[in-house]
Structure formats: C-alpha cells, structure tokens
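We use all heavy atoms of the structure for the numbers below, so side chains are in, but hydrogens, waters and symmetry mates are not. On a predicted model such as this, the values are computed, not experimentally measured, just so you know. Chain naming here is simple, since letters A, B, ... match the order of the sequence lines and numbering starts at 1 in each.
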2 protein chains.
Amino acid sequence: MRADARRNYDRIVEVAREVFREQGYDASLDEVAKRAGVGPGTLYRHFPKRENLLDAIMQSWVDKVTETTDKALTYEGSDRDLLIHWFEDYVGLISQHKGGPAKLTSAMGDPVSPIRTKCQVLSESNGRVLDELRAHGALRDGVDVIQVTRLVGGVATIADNSDLDPAAVRPMLEVVADGLLK
Amino acid sequence: MRADARRNYDRIVEVAREVFREQGYDASLDEVAKRAGVGPGTLYRHFPKRENLLDAIMQSWVDKVTETTDKALTYEGSDRDLLIHWFEDYVGLISQHKGGPAKLTSAMGDPVSPIRTKCQVLSESNGRVLDELRAHGALRDGVDVIQVTRLVGGVATIADNSDLDPAAVRPMLEVVADGLLK
DNA sequence: TGCTAAACGGAGACACTCTCCGTATTGTTC
DNA sequence: GAACAATACGGAGAGTGTCTCCGTTTAGCA
C-alpha cells in the first residue's frame with residue numbers, strides 16, 4: 001500500500017470513529033469523507049461497504065475485549081455475580097456506538113459478514129466465561145455459546161434502541177443469568 | 001373525512017401492508033404512494049411519519065393479539081410450557097414484517113411514540129399471561145412486565161435481524177422462561 | 001529526472017424523504 | 001342543479017445521502 005493511501009486510510013478510520021460515536025452508525029459517509037479531507041471516491045475505494053469501515057474501527061477494541069474477559073474471569077464472588085458482571089461488561093463493549101449491538105449481533109451467524117472476525121472474538125470471549133462456569137458445574141445442560149451471545153446481544157440491542165440506562169438493563173441480564181445457571 | 005380522502009387512506013394502508021411485508025419496514029414510501037396511485041403529498045398528509053402508517057397497518061392485528069392471548073391462557077400443561085408457548089406466539093405476532101420487532105420493542109418505553117397504543121396492547125397481553133402465572137405462584141419475585149416485554153422483544157429483534165428460524169429461537173425463549181420462573 | 005502504476009477526489013447519476021402550492025373534487029346551500 | 005367554500009389531491013422540486021466514473025495528481029522506482 002502506497003504511503004498516501006495508508007495515510008488516508010488511517011485518517012478516515014480515525015475520523016469515522018469520532019463521527020460514529022457522535023452520530024451513530026447511520027452517520028453520512030460523505031460527511032466522514034469531508035471531515036477526513038478526502039473525496040467520497042477515496043472513502044468508498046478503501047471501504048466499499050459501510051460495514052468494512054465499521055470493521056476497521058472495531059479493530060482497536062478487540063484487544064480491549066479479551067482484556068475485559070481476562071478481568072471478568074478473575075472475579076471473586078458467586079458464579080451468578082460473575083456472569084452478571086460479565087454480561088454488563090459485554091453489553092458495554094458492543095454498545096460503543098449507536099446501532100452497534102444490532103449490527104454485531106445479527107452478523108453473528110453470517111459466515112460472509114465483513115465484521116465476522118469481530119463476532120468471533122466476541123463469541124470466543126463469551127465462550128471462555130461460559131467454560132469457566134461449566135467447569136464449576138454451575139451451568140445448565142445444553143447451553144450454547146452462540147445462543148447466549150445472541151440473547152445478551154438482544155438485550156444490548158433494545159437497550160441501545162431505547163436508550164436504557166444500565167440500571168434498567170441489569171434486571172434483564174439477571175433473568176438471562178438465572179435462566180442459564182443451575 | 002371526505003369520501004375521496006377515506007378511499008385513498010384505505011388504499012394506502014392496504015398497499016403499504018403488502019409492500020412492507022415484501023420489502024420490510026424500510027421500503028420506500030414514494031413506492032407505496034405510486035403503487036396506491038396517489039401522489040407522495042397525499043401519503044404524507046395522511047401519515048406524516050412512517051410510524052403513523054405502521055400504526056394504521058397494525059390496527060387490524062390488535063384483535064388477533066388479544067385473541068392469541070386468550071388462547072394461550074387456556075393452555076393445558078405446565079407453567080413453563082405455557083410461558084414458552086406464549087413467548088413463541090408473541091414473537092410471531094411482532095415479527096409480521098421486517099424491522100417490526102425492533103420498532104415495536106424500542107417504542108415500548110416512549111410515551112409519545114405514534115405506535116404507543118400498539119405497544120400498550122402488547123404489554124397488556126404480556127401482563128395478562130404473567131398475572132396468570134403469578135396467581136399460580138410460579139413467578140419469581142420482582143418480575144416486571146415491561147422488562148419481560150423488552151427481553152422477549154430483544155429475542156424477536158435479533159431473530160428478525162438474523163433470519164433465525166423458530167427452532168433457533170426456542171432455546172433462547174426457554175432460557176428467558178427459566179430465568180423468570182421459580 | 002522521467003515514467004508508470006497507484007491513488008486521488010469531485011462532478012454527477014440515482015434514490016429517498018418530505019413540502020409547497022396550484023388544481024381538482026366534494027358536498028352543502030339555496 | 002348551480003354556485004361556492006372547504007377539503008383534498010398530486011407532482012414538481014429542494015434537501016440529503018449513496019456510490020461511481022474518470023480525468024488528474026502523486027509516489028516511488030529505475
């Protein structure tokens with residue numbers, strides 16, 4: 001990749017992160033291009049679909065996801081609290097910008113989605129937490145990672161859509177946790 | 001309302017139901033107007049916001065909702081099965097067209113939403129089922145109707161987004177049910 | 001320094017939402 | 001049944017966003 005291309009690529013991602021945080025996932029891409037000081041052509045060459053840009057933006061917080069998971073696993077307390085805390089962290093992670101939870105969660109099963117890798121990181125993280133609980137013998141039989149990822153993603157999606165604050169989300173996560181634990 | 005206005009109103013609703021079912025909630029309204037044989041001005045005069053049109057479309061299935069609830073309440077079987085069956089019915093009801101679950105569920109808390117009345121019918125129905133279970137002493141303490149409505153709405157939303165079939169949705173509803181029941 | 005492949009960026013085609021206002025229709029009154 | 005408000009119609013067009021095409025510019029190599 002040529003130096004100027006690299007420069008523009010990075011600049012677009014940087015600006016897009018800012019704009020998406022401000023205006024949500026539906027923000028105008030021409031606006032992003034303008035703020036980044038490039039033409040729309042340049043933006044669309046680098047990121048043919050909106051999701052490609054989203055994927056690039058998310059690259060940076062993948063590290064944060066695994067880090068958060070590590071932290072969650074060291075939690076000292078009941079299995080139930082561990083799970084609920086993790087769910088809260090998870091919801092926070094995928095709710096970085098408006099529309100994120102829906103995009104991320106609905107891409108979860110799609111093998112050709114541009115943000116597939118991100119989904120894998122997320123369900124892997126979920127899987128690690130569930131494995132831990134399974135090792136404790138705390139989990140009901142037949143609990144499946146993707147199912148849980150979707151369920152919690154669903155909670156995050158409606159929390160995002162309705163601008164719910166964490167206090168309103170918690171009871172829902174408790175229900176999910178209770179439904180998963182023995 | 002003048003006769004010609006009434007005629008156009010009805011025709012628009014009829015066509016919109018068809019178009020929304022075909023193309024989902026995001027279908028072009030100008031397309032609806034064209035198919036209904038009216039100008040966009042006429043459509044927007046009757047339905048200033050997309051949601052007003054959605055609301056009119058839904059008017060017809062409100063009856064169906066209460067009817068389905070009645071049926072659910074006569075269910076002969078365990079409380080768990082009753083609840084799960086009802087959830088399945090509920091998901092079916094709000095998934096009539098693409099994007100419906102998200103719209104309906106996120107309008108749930110909003111007191112000024114044009115589809116508020118529909119949301120009320122839905123949460124009322126949910127409330128009736130929950131009351132029944134509460135009367136059986138089957139429900140955990142602190143279970144709140146709106147919370148449950150959102151939770152199941154979340155499941156419906158991601159099922160809608162990911163085109164999940166009922167078989168994939170069921171386990172999630174089971175988890176929710178188990179989290180709600182004693 | 002010159003050359004070529006790579007990249008740029010903006011004009012503009014296309015789609016959708018929504019409004020304004022001149023025109024047409026309804027239904028009421030005499 | 002003719003005239004006249006009041007009501008409703010509908011399409012032109014402004015505003016906004018997506019995305020492409022292609023003439024121009026630039027990087028990087030020889």
Side-chain angles (χ1 to χ4, degrees), chain A residues 1-57 97-100 102-103 106-107 112-115 161, chain B residues 1-57 97-100 102-103 106-107 112-115 161:
Chain A
M1 193 185 245
R2 242 169 64 173
D4 54 345
R6 171 94 259 157
R7 213 159 43 230
N8 280 327
Y9 182 101
D10 290 342
R11 178 133 187 68
I12 290 169
V13 172
E14 187 188 337
V15 167
R17 184 174 291 125
E18 195 180 299
V19 173
F20 280 5
R21 184 148 35 220
E22 277 171 27
Q23 306 179 22
Y25 178 75
D26 288 332
S28 158
L29 295 186
D30 275 22
E31 161 80 15
V32 172
K34 197 186 289 178
R35 275 213 222 175
V38 302
T42 301
L43 188 150
Y44 284 99
R45 199 172 335 96
H46 285 305
F47 309 100
K49 313 203 85 181
R50 185 181 217 90
E51 288 197 333
N52 296 119
L53 181 52
L54 192 57
D55 191 61
I57 287 176
H97 45 74
K98 226 162 170 26
K103 276 291 152 197
S106 59
V112 297
S113 165
I115 56 175
N161 284 347
Chain B
M1 193 185 240
R2 238 169 63 175
D4 55 343
R6 172 92 262 157
R7 214 159 41 229
N8 280 326
Y9 182 101
D10 290 342
R11 177 132 186 71
I12 290 169
V13 172
E14 185 190 338
V15 167
R17 182 175 293 126
E18 193 180 300
V19 173
F20 281 5
R21 184 149 37 219
E22 278 174 25
Q23 306 180 22
Y25 179 75
D26 288 332
S28 157
L29 294 188
D30 274 22
E31 162 80 14
V32 172
K34 196 184 291 178
R35 275 213 223 176
V38 302
T42 301
L43 188 149
Y44 283 99
R45 195 170 339 94
H46 286 304
F47 309 100
K49 313 203 84 180
R50 185 182 218 89
E51 287 196 335
N52 296 118
L53 181 51
L54 192 55
D55 190 61
I57 287 177
H97 45 75
K98 228 167 166 24
K103 276 292 151 195
S106 59
V112 297
S113 165
I115 56 173
N161 284 346

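Heavy atoms from other residues, nucleotides or ligands lying under 6.0 Å from NZ of Lys34(A) number 12 at most.
Take Asn8(A) and apply the side-chain hydrogen bond (donor to acceptor under 3.5 Å, both in side chains) test, not counting sequence neighbours, and it matches no residue. Listed by chain and number, the residues in a side-chain contact (heavy atoms from CB on, under 4.5 Å) with Arg35(A) are Val15(A), Glu18(A), Val19(A), Glu22(A), Gln23(A), Glu31(A) (sequence neighbours excluded). Remark: Asp10(A) pairs with Arg6(A) by the side-chain hydrogen bond (donor to acceptor under 3.5 Å, both in side chains) rule, at least two apart or across chains. Partners of Asp30(A) according to the side-chain hydrogen bond (donor to acceptor under 3.5 Å, both in side chains) rule, which considers only residues two or more places apart in sequence or in another chain, do not exist here.
Rounded to whole angstrom, the span from the CG atom of Asn52(A) across to the P atom of dT18(D) amounts to 15 Å.
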Between side-chain atoms of residues 42-52 of chain B and protein atoms elsewhere (two or more places apart, or another chain), which donor-acceptor pairs fall under 3.5 Å?
residue, atom, partner, partner atom, Å
Arg50(B), NE, Tyr25(B), O, 2.8
Arg50(B), NH2, Tyr25(B), O, 3.1
Arg50(B), NH2, Asp26(B), O, 3.2
Arg50(B), NH2, Ala27(B), O, 2.2
Asn52(B), OD1, Lys49(B), N, 3.0

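The side-chain heavy atoms of Leu54(B) and His97(B), taken from C-beta on, include a pair separated by under 4.5 Å.
Taking both residues in full, the closest heavy atoms of Ile12(A) and Leu53(A) are given as CG2-CD1, 4.0 Å, listed atom of the first, atom of the second, then distance. Residues Ser113(A) and Ala107(A) approach most closely at OG-CB, 3.5 Å, considering heavy atoms. Taking each heavy atom of Asn161(B) and Ser106(A) in turn, the nearest pair found is CB-CB, 3.4 Å.
Look at Asn8(B) and you'll find a side-chain N or O under 4.0 angstrom from OP1 or OP2 of dC9(D).
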Could you list all N or O pairs between the protein and nucleotides 26-28 of chain C that sit under 3.5 Å apart?
residue, atom, partner, partner atom, Å
dT26(C), O4', Arg2(B), NE, 3.4
dG27(C), OP1, Ala3(B), N, 3.1

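At a non-hydrogen distance threshold of 4.0 Å, Tyr44(B), Arg50(B) from residues 42-51 of chain B come into contact with DNA chain C. Within residues 9-33 of chain A, no residue has a heavy atom under 4.0 Å from DNA chain C.
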